[in-house]
Amino acid sequence: MTSREQRIADFIEPFRVEPGSKVTLAKDFEPDFKGTIRSKKRGRKLLDQGIELLAEYQSRLYAQHTHGVLVVLQALDAGGKDGTIRHVMTGVNPQGVAVSSFKVPSSEELDHDYLWRYGLRLPARGQIGIFNRSHYEEVLVVRVHEELLDRQKLPPGSRRGLWKRRYREINEWEQTLTGNGIKIVKLFLNLSKEEQRSRFLRRIDLPDKNWKFSAADIRERDYWDDYQRAFSTMLSRTSTAWAPWYVIPADRKWYARIAAGAVIANTLIEIDPRYPTVGKKAREALQEIRRDLEAQAPAGAAADPFIEK
Ligand code: AMP
Ligand code: MG
């Protein structure tokens with residue numbers, strides 16, 4: 001491991017939810033944590049370095065074509081999911097990234113098992129897929145508003161022990177994916193209630209932010225404590241050795257972006273994708289083709305047309 005890679009691994013360690021540990025969000029994680037990075041300016045430099053590293057690794061991921069990366073982003077409203085995606089993925093080749101945003105399920109989606117629509121959007125090998133909201137909504141919004149289950153057309157009797165079963169099914173699904181080359185990075189953007197209040201105020205006060213504000217967001221805010229409990233249980237039950245959760249301090253947008261970028265970068269470093277090298281035979285074949293192409297140069301042309309005479 002290079003010293004830069006070690007620095008990234010050390011930086012993200014405090015955000016990791018130890019598999020098997022019991023999390024109480026309010027007690028265990030601070031939304032306004034900024035560790036040793038004192039200023040936004042210094043943070044900007046780190047983010048730029050992180051973005052450069054991501055671009056390089058993504059290109060290798062694509063070339064190697066054995067692994068995909070799924071980035072799962074969860075947060076409360078105004079938590080900064082959209083901005084994080086925009087900033088962190090800027091340097092990356094758009095051909096290698098696909099973002100999927102999950103809203104209230106359609107009637108077609110409700111006609112399938114709850115994991116179906118997420119399975120359809122999984123990244124292929126060589127790709128980074130980003131889930132803006134994800135299968136975790138099935139144990140978050142659906143758990144906070146249990147009446148949503150009524151629309152899921154579940155077989156009779158399946159409500160007993162349903163949440164416990166869902167946590168297990170999600171863990172098993174992710175284990176299967178991981179074992180088959182799809183690495184999962186789970187980021188929870190941890191926002192304080194006060195910071196959410198001020199972001200909502202901005203959305204109301206700034207005309208070009210109005211579209212982002214919905215009355216539903218304010219109604220959900222009334223369920224703040226229920227969500228904190230649902231998030232805490234989700235983190236405790238589904239942070240696994242193969243797909244651990246990272247709790248990203250989200251009260252400072254600039255900090256959240258660096259931290260999110262660092263966790264994604266760390267995953268790519270762990271995969272360590274390489275450009276495939278060609279064997280001796282293939283190299284010889286290339287040389288032969290090269291000689292052939294050179295022989296086809298029109299009579300009288302310079303050997304290299306880019307060299308001016
Ligand atoms: P937004 O991400 O702000 O555009 O809002 C999307 C909305 O869809 C949020 O209010 C989510 O709670 C809701 N949503 C996402 N997934 C589900 C789900 N599986 N069941 C019910 N509501 C969902
Ligand atoms: Mg919203």
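Numbers for residues simply follow the sequence, beginning at 1. Just follow the structure's listing: the first ligand is 1, and inside any ligand the first atom is 1. Computed from a predicted model, the values in this text were never measured in an experiment.
- Scanning all protein heavy atoms for the shortest distance to atom 20 (N) of ligand 1 gives P105 CD, 3.4 Å.
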Item to check | Full working for ring pair (Phe, Tyr, Trp, His ring centres under 6.0 Å) between H135 and F102 | outcome: CA-CA 9 Å; H135 48 298; F102 294 98; 8.5 Å; no
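- Ranking protein heavy atoms by distance to atom 22 (N) of ligand 1, first place goes to V141 CG1, 3.7 Å.
- Taking every heavy atom of E138 and a limit of under 4.0 angstrom, the matching atoms of ligand 1 come to 19 (N).
- The distance from atom CG of D226 to atom CD of E146, rounded to the nearest 0.5 Å, is 11.0 Å.
- With rounding to the nearest 0.5 Å, the separation of CZ in R159 from CD in Q152 is 8.5 Å.
- A side-chain N or O of E138 and one of Y118 form a donor-acceptor pair less than 3.5 Å apart.
- The residue among E137, K103, E109, R133 with a heavy atom at the shortest distance from atom 9 (C) of ligand 1 is R133.
- Heavy-atom proximity to Y118, at under 4.0 Å, picks out these atoms of ligand 1: 19 (N).
- Considering backbone and side-chain N/O of V104, one or more are found under 3.5 Å from N/O of ligand 1.
- The option from R117, H135, Q152 that lies nearest to atom 17 (C) of ligand 1, judged by heavy atoms, is R117.
- Y255 and K40 share no side-chain donor-acceptor pair at under 3.5 Å.
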